[in-house]
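So that the names make sense, note that chain A is the first sequence line, chain B the second, and so on, each numbered from 1. Bear in mind the structure is a predicted one, so any value in this text is a computation, not a measurement.
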2 protein chains.
Amino acid sequence: MPVTVLLVDDEPLVRAGLRAVLEAQPDIEVTGEAADGAAVIPLVRQLRPDVVAMDVRMPLMDGIEATRAVLRTVPDPPKILVVTTFEDDEFVYEALRAGADGFLLKRARPAEIVHAVRLAAAGDSLLFPASVRRLAARYGDGGRPARATLERARLTEREAEVLRLMARGLSNAEIAARLVVSAETVKSHVSAVLAKLGARDRTQAVIAAYESGFVEPG
Amino acid sequence: MPVTVLLVDDEPLVRAGLRAVLEAQPDIEVTGEAADGAAVIPLVRQLRPDVVAMDVRMPLMDGIEATRAVLRTVPDPPKILVVTTFEDDEFVYEALRAGADGFLLKRARPAEIVHAVRLAAAGDSLLFPASVRRLAARYGDGGRPARATLERARLTEREAEVLRLMARGLSNAEIAARLVVSAETVKSHVSAVLAKLGARDRTQAVIAAYESGFVEPG
DNA sequence: GATCGTCTCCCCCGTGCGGGGGAGGCCCGT
DNA sequence: ACGGGCCTCCCCCGCACGGGGGAGACGATC
């Protein structure tokens, strides 16, 4: 049986885009749409979708409020994916606390969006971008347990941290300042990252980070 | 024969939405897509669409610049509809001055979007929302540039080519070999790219390329 | 004709980067 | 208790990188 999805966004164009992307998949079915969070609860009760794609910024009731409302009042609630334009740490944490299961970045490629919906439907809540995991780890009780392991590479924790900062354009000196270690230490980590990724320089490493999904655009 | 449309927006989701809305019409055909204004001119020359749906906010080259560039360099140019999220007076007036033929508001209903495209294709340029006419009336014949628009990243053909190769991890020497020019020439282009993108080094430039959709993962 | 933008090539020069090698402290697991 | 990752820091060194200049050739535009 297919994964059923409810779309909640005040912009018809975004709804149309999500519908087009999702309905291209044989195993995903968009069973309803809503233009505001205020309309979500009755629709969820009626349609009982597996996943709700929820915009954050809506006129009457925003996505955070609506997420809280659904999770508070609906028994056996659907997975909720928050649709965002930017990775805003502030509101990402709000959504996390409200109980959202993941994010759909508007900048993401269709395949990634489809993937996120499938993951959410399967109960897998590992689809948070890096910033969310950082926040979840930092704030602790935010909701889901934080994911520490990154199986994508055999990078150590520290090396992954360094790679993330490299992928944000920081120099070795800036990374050192950020991590409060010496520049020599950063150089060691960078060299290790390059060796493990088979990259010749930091640029190739960053490319690998993007291509592997280790970091995501947006 | 159908109305042909080129979609230019850095968000794949918006492109998918426009495509879904427009292709539902038998007399409208989406013949191409681009993720940044920098890619528009060659595409317009190649596809010769009737209408271009142009986003305003794009990383490398914004919709205003791209609109100017198209109208300045392409003979018998297409009608250009600027896609906006909000009715931003600033953008609206800039777009107007750049020569845009109309607007597509993301909040608009599909029928209105379709209507706007048909009107534009028919050469009717009366499809500005009320705010635009207000502005046009207020500023009259335009006694201002006012805000000196800082030169946005407007990459030349060659620079874009170099950036693409940078984003594939090539060194200056390798790019030189690929393009059959000297390494000095490549250095010149790289410096120009860095300056235009506001990047400090090639790594930051590559990051910008990914974040803007100028290159895409996978 | 003059001007502008683009592409091409060259110089010097400082430095950030990355390789190679080594080393001490720490917490694991066996 | 011992080895093995991991993180940390240090040395030397070569070089690609990038900035700041300048300049000639070509085409398009004015």
Side-chain angles (χ1 to χ4, degrees), chain A residues 148-151 153-209, chain B residues 38-39 41-42 45 60-61 65-66 68-77 150-209:
Chain A
T149 55
L150 32 139
E151 64 239 307
R154 40 250 176 268
L155 297 181
T156 70
E157 197 90 18
R158 205 54 161 174
E159 287 160 359
E161 186 87 29
V162 168
L163 177 56
R164 271 191 288 273
L165 295 175
M166 289 201 299
R168 290 173 61 181
L170 275 65
S171 70
N172 287 344
E174 287 166 342
I175 295 174
R178 184 75 66 96
L179 299 183
V180 199
V181 297
S182 79
E184 276 71 20
T185 299
V186 175
K187 283 178 58 176
S188 295
H189 292 316
V190 169
S191 290
V193 168
L194 298 186
K196 287 182 178 178
L197 296 186
R200 188 177 49 195
D201 51 45
R202 67 201 299 106
T203 303
Q204 288 191 352
V206 168
I207 291 170
Chain B
I41 291 188
R45 286 186 186 277
L60 293 183
M61 184 196 282
E65 276 293 336
R68 273 197 209 96
V70 167
L71 295 180
R72 194 173 49 215
T73 64
V74 176
D76 192 16
L150 43 121
E151 278 179 301
R152 294 280 295 176
R154 178 178 120 272
L155 298 182
T156 69
E157 202 86 20
R158 205 57 160 169
E159 288 160 359
E161 204 166 356
V162 168
L163 177 55
R164 251 175 251 123
L165 294 175
M166 287 200 291
R168 290 174 61 181
L170 275 66
S171 69
N172 287 345
E174 288 166 343
I175 295 173
R178 184 74 65 95
L179 298 183
V180 200
V181 296
S182 79
E184 310 297 330
T185 300
V186 175
K187 282 179 58 178
S188 295
H189 291 316
V190 169
S191 290
V193 168
L194 298 185
K196 287 182 178 178
L197 296 188
R200 188 177 48 197
D201 50 45
R202 70 201 297 106
T203 303
Q204 287 190 354
V206 168
I207 290 169

Polar atom pairs between nucleotides 19-26 of chain C and protein, under 3.5 Å, N or O only, would you list them?
unit_1, atom_1, unit_2, atom_2, d
C:dG19, OP2, A:S191, OG, 3.3

Separation of atom CD in B:Q204 from atom P in D:dG18, rounded to whole Å: 10 Å
Whole-Å distance, A:E184 CD to D:dC12 C1', equals 12 Å
Ignoring hydrogens, what is the shortest heavy-atom contact between A:A199 and A:A205? Give both atom names and the distance. CB-N, 3.6 Å
Answer yes when B:E161 and B:R158 have at least one side-chain N-carboxylate O distance shorter than 4.0 Å, and no when they do not. yes
Can you tell me how far P of D:dC7 sits from CG of A:L163, to the nearest Å? 14 Å
Between A:L163 and A:V193, which heavy-atom pair has the shortest distance, and what is it? CD1-CG1, 4.2 Å
Looking at B:S182, I'd like to know whether one of its side-chain N or O atoms comes within less than 4.0 Å of OP1 or OP2 on C:dC9. yes
If only side-chain N and O atoms of A:T156 are considered, is one of them under 4.0 Å from the OP1 or OP2 phosphate oxygen of D:dG5? no
At their closest point, which heavy atom of B:I175 faces which heavy atom of B:V162, and how far apart are they? CD1-O, 4.1 Å
Strictly distance-based, threshold 3.5 Å: is any side-chain N or O of B:Q204 a donor or acceptor partner for the main-chain N or O of B:R200? yes
Going by the rule side chain to side chain contact (heavy atoms under 4.5 Å, CB included), which residues pair with B:L71 if we only count those two or more places apart in sequence or in a different chain? B:T67, B:P77, B:I80
For B:T185, answer base if it contacts any base atom (sugar-phosphate contacts may also be present), sugar-phosphate if it contacts only those atoms, and nothing otherwise; contact means non-hydrogen atoms under 4.0 Å. base
D:dC15 P sits how many Å from B:N172 CG, rounded? 16 Å
Rounded to whole Å, please give me the gap between CD1 in A:I175 and P in D:dT8. 13 Å
To the nearest angstrom, the CE-P distance between B:M166 and D:dC17 comes to 11 Å
Result for 5'-nearest mapping on DNA chain C, choosing between A:S171 and B:V181, is B:V181
May I have the list of side-chain donor-acceptor pairs in residues 185-192 of chain B shorter than 3.5 Å, sequence neighbours left out?
unit_1, atom_1, unit_2, atom_2, d
B:T185, OG1, B:S182, OG, 3.2
B:S188, OG, B:E184, O, 3.3
B:S191, OG, B:K187, O, 3.1

Whole Å only: how far is the CG atom of A:L155 from the C1' atom of D:dC7? 15 Å
Please confirm whether the shortest side-chain N or O distance from B:H189 to OP1 or OP2 of C:dT8 is below 4.0 Å. yes
Let me know the distance between CG of A:D201 and P of D:dC17, rounded to the nearest Å. 7 Å
